[in-house]
Each structure stands twice: as structure tokens, then as C-alpha cells.
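Worksheet: one structure, shown below.
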Amino acid sequence: MEKLIITAAICGAEVTKEQNPAVPYTVEEIVREAQSAVQAGAAIIHLHVREDDGTPTQSKARFKECMDAIYKVCPDVIIIPSTGGAVGMTAEERLQPTELFPEMATLDCGTCNFGDDVFENTMPMMRAFGKRMLENNIKPEYECFEMGHLDTVLNMARKGQVPGAPMQFNFVLGVPGCTPATVQNLCWLVNSIPSGSTWTATGIGRNAFTLAAPTIVMGGHVRVGFEDNLYLEKGVLAKSNGELVAKVVRMAKELGRDIATSEEARKILNLKPRN
Ligand code: KMH
Ligand code: ZN
């Protein structure tokens, strides 16, 4: 089976230090968490950034500062900046990191409930995001929280509105108000993607590792990190993103799947070598 790509979503936009003191806000903290994840076996960092006080931001300057600082200590890592940002941000605000020409960026594939909030991704917004990714030669990671999201983005790809094959999907399951993180739902989604695509699964909260296990066996790739889950196990807060990644590495080892380096991940995802 193909090697396992582990993505660490180290920060997110919603979680706080009140929930887990290790959640990073400052550039130094973001670098510390990225480095801990990469040292533990992550090939990809999915990046959100914050102001020093924890306020989520999509500022191009802040993304540049954080990305440059991460590359200094992890020169090979793949960084996937978020274009999802935080609930309530405008499309223009969210698109800022694409001006840095990252090799990949997330593209959220539809509107959905997000706990008490609504995460808005209208068709005009998604067409604008797709156009930007095509213009700036960025490979999207298509974030699907629902089957309708997958259907939508496959239609957009057929019309040339977003980059097409080979596509990389991230199935984010277990967000309150969205598709539950069951094996059945994961299989439904995975069986609906075009052959030659790659996919990652992200289980939210207590689903982080229960979704990782079938994903490892099914040949998908795994995302973990503070954005999605703050606990190493029931009642035990993770001290770092590295601890969460290390647990996936242990699971993969038990199940006989090797871990991909960032360079190997680039080959699997059809990205150009970084240098
Ligand atoms: N913060 C969530 C509302 C992404 O990174 O593209 C959206 C999100 C998705 O995190
Ligand atoms: Zn995100």
C-alpha cells in the first residue's frame, strides 16, 4: 500500500488556550508546534494563523511570517494554508494566503452548519476560489464536510471552474451539524471520488483516532491536530501536536503502513519537488 501521509492541523481558528494551553498563537508557538508535528512524522502542516492574542486572521503578512519561520526549521515540509479562515470572514479576507503562491491551499466545497454557526461557501465564492487557484497554480485540498460538497466540486471540475485531476480531497467528518464520522459515511465518500484521486480523512473531536484507524487500512491519508482534536485520549489533553501525530504513527506501525516523508508526499500528491 502507498505510504501514509500525515497532515498536522496545528492551530485552527476556533480552539483556544483556555481549552488547551498548548494551542499556538504567536509565530514562535506556531513554529514550535509545526516542528513537533514534523519531528513526529507529519509530512504536511495545514496552517491557520492568529494574532498574538489568539484572534484568527487571514493576513497575508502574518501567513508569510509564519510560513517563512516554519520553512526555516522544516525546509522540506508541505504547508497547506487555509482559505477557510474563521466563520464570518469575507472571501477576499480568506483568499489572502493564495497571494503567497503556496504549492497547495484548502478549498472548502460548500456551505454547512458549523456548531452554532454557518460556514458560508456559496457557489460564487467557490468559483472565485477556484479561479484564484487556477491562476496561481495552487493545488487545492478539497475540504468536504458533506456528500453534497463532493458532488459540487466534481461538477465544478468538469466545468473547468476548479483545478481537476488528480484531485486531493479531505473528508472532514464529525463537525457538529455535518456528516457524522462513521466508517459507512467515509466509505460512501471514498467510493464516489474519481480514480487516481488521493484522499485524507479528518475525524473531529473524539472521532480523531477512530476515523484514523479505518483510513489507514483503506489506503487513505490522515489529518490530526489541535484544529480538530485537543485530546490524546479520553480526559488527557495532548501536550503538543507532535503527540497526536506520534499516536497515528504508532497506529500505522501496528497496521503495517509506512509513513511518507514530505518529498514522498509530494510524489503521491503530484506536486513538484520544492527545490
Ligand atoms: N475554520 C473553519 C470554519 C479550512 O481550513 O479550509 C474552516 C476551516 C476550513 O478550517
Ligand atoms: Zn482549517
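Whatever order the structure lists ligands and atoms in, that order sets their numbers, starting from 1. Counting begins at 1 with the first residue of the sequence.
Taking a 6.0 Å sphere around OH of Tyr231, one finds it holds 12 or fewer heavy atoms contributed by other residues, nucleotides or ligands. Within 6.0 Å of CZ in Arg206 there are 12 or fewer heavy atoms belonging to other residues, nucleotides or ligands. Around the NZ atom of Lys17, the shell of radius 6.0 Å holds more than 12 heavy atoms that belong to other residues, nucleotides or ligands.
Counting atoms of ligand 1 from 1 in the listed order, those under 4.0 Å from a heavy atom of Glu14 are 1 (N), 2 (C), 3 (C). Below 4.0 Å from some heavy atom of Val87 lie the following atoms of ligand 1, by number and element: 3 (C). Each of the following atoms of ligand 1 lies closer than 4.0 Å to a heavy atom of His46: 5 (O). Contact atoms of ligand 1 toward Asp108: 4 (C), 6 (O), 9 (C) (distance under 4.0 Å to a heavy atom of the residue). Near Thr106, the atoms of ligand 1 lying under 4.0 angstrom from a non-hydrogen atom of the residue are 4 (C), 5 (O), 6 (O).
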Inset, instruction - Apply the test side-chain hydrogen bond (donor to acceptor under 3.5 Å, both in side chains) to residues Thr200 and Gln168: give CA-CA distance (whole Å), side-chain angles for both, the deciding distance (0.1 Å), then the verdict. - result: CA-CA 8 Å; Thr200 297; Gln168 156 65 11; 2.8 Å; yes
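Geometrically, ligand 1 and Glu143 share no nitrogen or oxygen pair separated by less than 3.5 Å. Remark: ligand 1 and Gly85 share an N or O pair separated by less than 3.5 Å (distance only, no angle test).
The N, O or S atom of Glu227 with the smallest distance to the Zn ion (ligand 2) is OE2.
Because its NZ or CZ atom is both nearer than 6.0 Å to the ring centre of Tyr71 and within 45° of the ring axis, Arg274 counts as a cation-pi partner of that residue.
Atom 10 (O) of ligand 1 has as its closest protein heavy atom Glu227 OE2, 2.9 Å. Nearest protein heavy-atom contact of atom 5 (O) of ligand 1 is Ser82 OG, 2.7 Å. Protein heavy atom nearest atom 7 (C) of ligand 1, with residue, atom name and distance: Phe119 CZ, 3.5 Å.
Using bins of under 30°, 30° to 60° and over 60° for the plane-to-plane angle, the ring pair His149/Phe145 lands in the perpendicular bin.
Distances from ligand 1 to the non-hydrogen atoms of His48 include at least one value under 4.0 Å.
No continuous path of ILVMFWY side-chain contacts below 4.5 Å connects Val249 to Ile44, so the two sit in separate hydrophobic clusters.
Defined by atom type and a distance below 3.5 Å, a donor-acceptor pair is missing between the side-chain atoms of Thr202 and Asp228.
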